[in-house]
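To start, the structure under review is shown below, and the notes come after it.
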Amino acid sequence: DRQDNRSSPDQSPTTPPRTPDRNAQVLSQTSTATHPSAPSPTPFAHPVEWIETSYGGVLYLLNVAIHLGFYPDFTQPRDAGLALSPWAFLALVGERLAGRRLRHNALWTLLAALDGSDADQPVFNLESNPPTSLPETLQPYLGAQERDAPRLADTWPTWLDQLMPPLRRRLAIALGVPPRQAGRLLCCQSARIHFRAGRLDAHFNLNDHPVAIRLSGLDRDPGWMPSV
């Protein structure tokens, strides 16, 4: 049996190939970037239409980014959001939370392709300028030394390094685990990801789905996102 939450019920994605161990219920998280007034998106550069990954929970970071005001959801289509693409944000924050092995995973290649990179050389566009400060919602989670440290970051890696300590603490509270465990609990979740121009669907096995993630609300369907 499959239980899917679809943001566009009238657009059913092609069902990916099934494997013998995929008989359990499946949770679907969908990010849909199509919109009647939007220009036709560039076709994905990734060579296949679906991947399997042990880092599927990295996609839950989209909801984290929306909550922090980094990217608008469907209710604020004209807001600019970060100059960094959401795909680069997922990859770079996901790597810091889940570990550098993410770079050798099919998800990293897919995110780089969605960011416009050559599939043979998965790199991300970091040429834009980062924000000059962290979001107000993370200020309560800064340590004393972090509050006194300079906040002007001139590169995305520097800004992301400043972002991670309070973000880990905030995720830890949401998930009910110590900060060191929060990143891997959220990000290291097996998933099958199906994608096509304008739509991405992530399928998770409900039998293995951590209750902590469900209770935190981070696995909700973000719906159509203007920035992707």
Are Leu215 and Ile213 connected in the hydrophobic side-chain network, where two residues link if heavy atoms are under 4.5 Å apart?
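No, separate clusters.
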
Rounded to the nearest 0.5 Å, what's the gap from [atom1] on [X] to [atom2] on [Y]? Could you check?
X	Y	atom1	atom2	answer
Trp50	Asp201	CH2	CG	14.5 Å
Arg100	Glu95	CZ	CD	5.0 Å
Arg214	His209	CZ	NE2	5.0 Å
Leu167	Leu68	CG	CG	6.5 Å
Leu114	Leu90	CG	CG	9.5 Å
Leu175	Arg170	CG	CZ	9.5 Å

Heavy-atom check, side chain of [X] versus side chain of [Y], under 4.5 Å:
X	Y	answer
Asn105	Ser54	yes
Ser190	Asn205	no
Leu200	Trp87	yes
Leu84	Pro130	no
Val93	Val64	no
Leu97	Met164	yes
Leu110	Phe195	yes

Polar side-chain atom of [X] near backbone of [Y] as donor-acceptor pair, under 3.5 Å:
X	Y	value
Tyr71	Pro226	no
Asp115	Asn125	yes
Asn63	Arg220	yes

Evaluate the side chain to side chain contact (heavy atoms under 4.5 Å, CB included) criterion for residues Leu134 and Tyr141: first the C-alpha distance (whole Å), next the side-chain angles of each, then the deciding distance (0.1 Å), finally the verdict.
CA-CA 11 Å; Leu134 298 178; Tyr141 305 98; over 6 Å; no

Please name the pair of heavy atoms, one in [X] and one in [Y], separated by the smallest distance, quoted to 0.1 Å.
X	Y	answer
Ser216	Ala174	CB-O, 3.6 Å
Glu146	Pro166	OE1-CD, 4.5 Å
Asn129	Trp156	O-CZ2, 3.5 Å
Glu136	Pro140	O-CD, 3.6 Å

How far apart are the C-alpha atoms of Tyr60 and Leu171, what are their side-chain angles, what is the distance that settles it, and do they pass the side chain to side chain contact (heavy atoms under 4.5 Å, CB included) test?
CA-CA 11 Å; Tyr60 294 145; Leu171 288 175; over 6 Å; no

Can Leu126 and Thr155 be said to form a side chain to side chain contact (heavy atoms under 4.5 Å, CB included), step by step?
CA-CA 8 Å; Leu126 304 179; Thr155 66; over 6 Å; no

Salt bridge (charged side-chain N to carboxylate O under 4.0 Å, His left out) with Arg96: which residues, sequence neighbours excluded?
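With neighbours one apart ignored, the set is Asp161.
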
Begin with the C-alpha distance, continue with both residues' side-chain angles, and end with the deciding distance and a verdict on ring-ring contact (aromatic ring centres under 6.0 Å, His included) for Trp108 and Phe124.
CA-CA 10 Å; Trp108 183 272; Phe124 296 92; 5.2 Å; yes

Determine whether the aromatic ring centres of Trp159 and Phe70 lie less than 6.0 Å apart.
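Yes, ring centres under 6.0 Å apart.
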
Hey, can you pull the donor-acceptor pairs under 3.5 Å for the side chains in residues 179-187, sequence neighbours left out?
residue : atom : partner : partner atom : Å
Arg184  : NH1  : Ala98   : O            : 2.7

